Amino acid sequence: MSLKIYQFPARDDNYGVLVHDPDSGLTASIDAPETAAVKAALAQNGWKLTHIFTTHHHQDHVEGNAALKSETGCRIIGPRGEAAKIPGLDDEVGEGDTFKFGNYEVEVLETPGHTLGHITYVIPQGKVAFVGDTMFAMGCGRVFEGTHEMMWNSLNKLRGLPAGTTIFAGHEYTLSNARFAVTIEPDNAALKERLAKVEALRAEGRPTLPTTIDKELATNSFLRACEPEVKAALGMQDAQDWQVFGEIRTRKDNA
Ligand code: ZN
Ligand code: FE
């Protein structure tokens, strides 16, 4: 049987995600934004927590680590680059590392910028990636600890995910991102169409995530900083990709 993935809202605008392998019975929580919300999601599905896959050290991603570990004995996997900041960490992982989750192989990508140690988990057999706060639907995380060049290199890594990859991210920021994106790319028809869909979904209180790499390559202006039409729209035809990314990120920070 294939992986079962359950996304649920947590805190104000976070998403929690449970990944369950029916064959092995293993269940991983992608980050642990809120103990009660993770426990409710587990109960609703009748799953027992065996792992937490931590993407980065921010409180809204590790808040539940200690309580969930003491209640379930789950194993916590997280970024080597910020291991000291991850409560309850058992296994440190970094770029190119792989580990088994049941019969599935999980691959680790280092995607620093939002934080210096931020990692992304990819399960190729499930055609799915968990990007934390590196990328959002039509957006990306704020560059708190790294540089614009570092964050662009991380997003550029995500550009290389296979077509059809489903992407789960840490927050529901899509409406704000979409409204901003049309100011960067007013002539992007796919973007305008997606903005309308996002407005309709949010008006009904429905999630806009998960997304796919294909949708993001077409409508995520941060991810599209290397595209000639984006550079032209900003009058930055001759700039480096990361500089164009930096201009877009700075505009969003100040929006
Ligand atoms: Zn964060
Ligand atoms: Fe976050």
Side-chain angles (χ1 to χ4, degrees), residues 5-19 28-38 41 52-68 76-89 92-95 108-122 128-155 157-158 167-178 180 198 202 207-211 216 220 222-223 245-246 248-250 252-255:
I5 301 183
Y6 181 77
Q7 175 184 270
F8 53 97
R11 307 174 76 95
D12 290 336
D13 51 33
N14 282 76
Y15 281 120
V17 180
L18 296 178
V19 182
S29 180
I30 307 300
D31 289 326
E34 182 188 353
T35 305
V38 174
I52 295 173
F53 298 167
T54 300
T55 61
H56 67 295
H57 70 82
H58 283 159
Q59 185 63 18
D60 62 310
H61 297 258
V62 302
E63 187 268 345
N65 277 24
L68 290 166
I76 301 181
I77 295 163
R80 180 172 298 127
E82 48 199 49
K85 296 177 177 173
I86 311 294
L89 185 64
E92 302 177 15
V93 291
E95 181 71 24
V108 177
L109 302 176
E110 289 183 358
T111 51
H114 178 70
T115 66
L116 288 176
H118 196 299
I119 58 176
T120 286
Y121 296 90
V122 182
V128 64
F130 305 96
V131 301
D133 287 358
T134 297
M135 188 169 78
F136 302 122
M138 306 176 89
C140 73
R142 279 182 184 257
V143 183
F144 285 125
E145 297 180 9
T147 63
H148 285 154
E149 188 169 13
M150 183 187 284
M151 187 66 158
W152 166 253
N153 288 335
S154 294
L155 291 173
K157 211 179 263 187
L158 298 182
I167 294 177
F168 288 85
H171 293 269
E172 176 64 63
Y173 292 154
T174 316
L175 185 54
S176 156
N177 289 337
F180 169 74
V198 166
R202 294 312 293 157
T208 63
L209 286 148
T211 180
E216 297 312 310
N220 186 326
F222 297 93
L223 205 59
F245 165 75
I248 299 170
R249 186 61 259 176
T250 301
K252 180 70 165 76
D253 291 345
N254 297 326

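These numbers come from a predicted model, not from an experiment. Whatever order the structure lists them in is the order used to number ligands and atoms, beginning at 1.
Within the 2.8 Å limit, His171 places at least one N, O or S atom next to the Fe ion (ligand 2). Within the 2.8 Å limit, Asp133 places at least one N, O or S atom next to the Zn ion (ligand 1). Coordination check, His58 versus the Fe ion (ligand 2): failed, since every N/O/S atom of the residue sits at 2.8 Å or beyond. Among the atoms of His61, no N, O or S atom is found under 2.8 Å from the Zn ion (ligand 1). Backbone or side-chain N, O or S atoms of His56 reach the Zn ion (ligand 1) at under 2.8 Å.
Taking the six-membered ring for Trp and thresholds of 30 and 60 degrees, His148 and Phe245 have ring planes more than 60 degrees apart, a perpendicular arrangement. Ring planes of Phe130 and Phe168: parallel class, angle under 30° (limits at 30 and 60°). The aromatic rings of Tyr6 and Phe8 lie parallel to each other, with less than 30° between the two planes, well short of the 60° mark. Taking the six-membered ring where the residue is Trp, Tyr173 and His171 present parallel rings, their angle staying beneath 30° rather than reaching 60°.
Annotation: angle subtended at the Zn ion (ligand 1) by His58 ND1 and His114 NE2 is 90°, to 10°.
Sorting the N, O or S atoms of His61 by how far they are from the Fe ion (ligand 2) puts NE2 first. Closest approach between the Fe ion (ligand 2) and any N/O/S atom of Asp133 involves OD2. The atom name of the N/O/S atom in Asp60 closest to the Fe ion (ligand 2) is OD2.
Listed for the Asn65 side chain is no donor-acceptor partner under 3.5 Å among the backbone atoms of Gly88.
Counting non-hydrogen atoms of other residues, nucleotides and ligands closer than 6.0 Å to CG of Asp253 gives a total above 12.
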Practice problem: Verify side-chain contact (heavy atoms from CB on, under 4.5 Å) between Arg202 and Thr174, making sure each step is shown before the conclusion. | Solution: CA-CA 9 Å; Arg202 294 312 293 157; Thr174 316; 5.9 Å; no
